K.L.:
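I'd like to ask some things about the structure below.
What you see below is based on every heavy atom in this structure, not just the backbone, and it leaves out hydrogens, waters and symmetry mates. Keep in mind the model is a prediction, meaning the values are calculated, not measured. This chain uses plain numbering: 1 for the first residue, then up along the sequence.
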Amino acid sequence: MADLSGRIFVTDTGGRFYRSSASELVERIGRQAGIEAKVTPHVLRDTWASIAKDPDANPMDVKEALDHESLDTTMIYLHSANQLERDPFQLVASAVE
């Protein structure tokens, strides 16, 4: 039987991969991709939830995927995606393009 103990994520030198290391990595990749806004793990999580909402994913499935304890928390993510779509500034910008 294989030994399954130890760290799942490590640095390139085998050291501990801290939460801050993940944030720095995501931010750096965002900059390298030419994304001007600050990209963080939480922004990626929000984006994932918003995209999952588009094809009308079941909110309970999104809740499980995001590992939320409460469906209310998930609904905040899903509702905020709807707010951006209806934001007056976004609507005007889309109309002008």
Side-chain angles (χ1 to χ4, degrees):
M1 188 96 178
D3 178 19
L4 299 178
S5 63
R7 297 181 178 105
I8 295 174
F9 298 104
V10 295
T11 65
D12 55 355
T13 60
R16 187 176 187 156
F17 192 77
Y18 292 95
R19 184 180 195 163
S20 60
S21 301
S23 293
E24 290 168 7
L25 176 63
V26 169
E27 287 178 32
R28 186 174 72 241
I29 291 170
R31 284 191 307 272
Q32 289 172 346
I35 300 171
E36 292 180 20
K38 184 175 180 181
V39 179
T40 66
H42 195 80
V43 167
L44 294 179
R45 186 176 170 93
D46 286 346
T47 302
W48 186 91
S50 297
I51 292 170
K53 176 208 120 329
D54 285 343
D56 296 323
N58 180 331
M60 286 301 290
D61 292 337
V62 176
K63 172 197 170 291
E64 292 298 318
L66 294 174
D67 198 30
H68 287 157
E69 288 186 26
S70 166
L71 182 59
D72 292 338
T73 304
T74 306
M75 294 311 291
I76 291 169
Y77 279 78
L78 300 180
H79 179 69
S80 66
N82 287 337
Q83 285 180 325
L84 183 59
E85 292 168 2
R86 290 186 229 138
D87 180 272
F89 295 103
Q90 294 294 331
L91 293 171
V92 170
S94 295
V96 172
E97 290 180 352

K.L.:
Which atom names give the shortest non-hydrogen contact between Ala52 and Val62, and what distance separates them?
P.N.:
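Answer, listing the atom of Ala52 first, then Val62: CB-CG2, 4.0 Å.
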K.L.:
Check for me, please, whether Ile8 and Tyr18 land in the same ILVMFWY cluster - side-chain distances under 4.5 Å, paths through other members count.
P.N.:
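Result: no, two separate clusters.
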K.L.:
I need the minimum non-hydrogen distance between Thr74 and His68, along with the two atoms involved.
P.N.:
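Heavy atoms of Thr74 and His68 come nearest at OG1-ND1, 2.7 Å.
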K.L.:
Within the distance-only criterion (no hydrogens, no angle test), does the side chain of Arg45 pair as donor or acceptor with the backbone N or O of Leu66 below 3.5 angstrom?
P.N.:
yes
K.L.:
Which heavy atom of Thr11 sits nearest to which heavy atom of Arg16, and what is that distance?
P.N.:
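Distance-wise, the nearest heavy atoms are CG2-O, 3.4 Å.
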K.L.:
Could you grab the distance from atom OG1 of Thr73 to atom CG of Asp67, nearest 0.5 Å is fine?
P.N.:
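If I round to the nearest 0.5 Å, the distance is 11.0 Å.
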K.L.:
What closest approach, in Å, do Thr40 and Val26 show between heavy atoms, and which atom pair accounts for it?
P.N.:
C-CG1, 3.8 Å
K.L.:
Looking at Glu36, I'd like to know if its CD atom is crowded, meaning that more than 12 non-hydrogen atoms belonging to other residues, nucleotides or ligands lie closer than 6.0 Å.
P.N.:
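Counting other residues, nucleotides and ligands, CD of Glu36 stays at 12 neighbours or fewer.
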K.L.:
In Å and rounded to the nearest 0.5 Å, what is the NZ to CD distance from Lys63 to Glu69?
P.N.:
8.0 Å
K.L.:
Nearest 0.5 Å please: distance from the OG atom of Ser70 over to the CE atom of Met75.
P.N.:
10.5 Å
K.L.:
Which heavy atom of Phe9 sits nearest a heavy atom of Phe17, and at what distance?
P.N.:
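The pair with the smallest heavy-atom distance is O-CB, 3.4 Å.
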K.L.:
Could you tell me which residues satisfy salt bridge (Lys or Arg N to Asp or Glu O under 4.0 Å) with Glu27, sequence neighbours excluded, listed by chain and number?
P.N.:
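Expected list: Lys38.
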K.L.:
Nearest 0.5 Å, what's the CD1-CG distance between Ile76 and Leu71?
P.N.:
10.5 Å
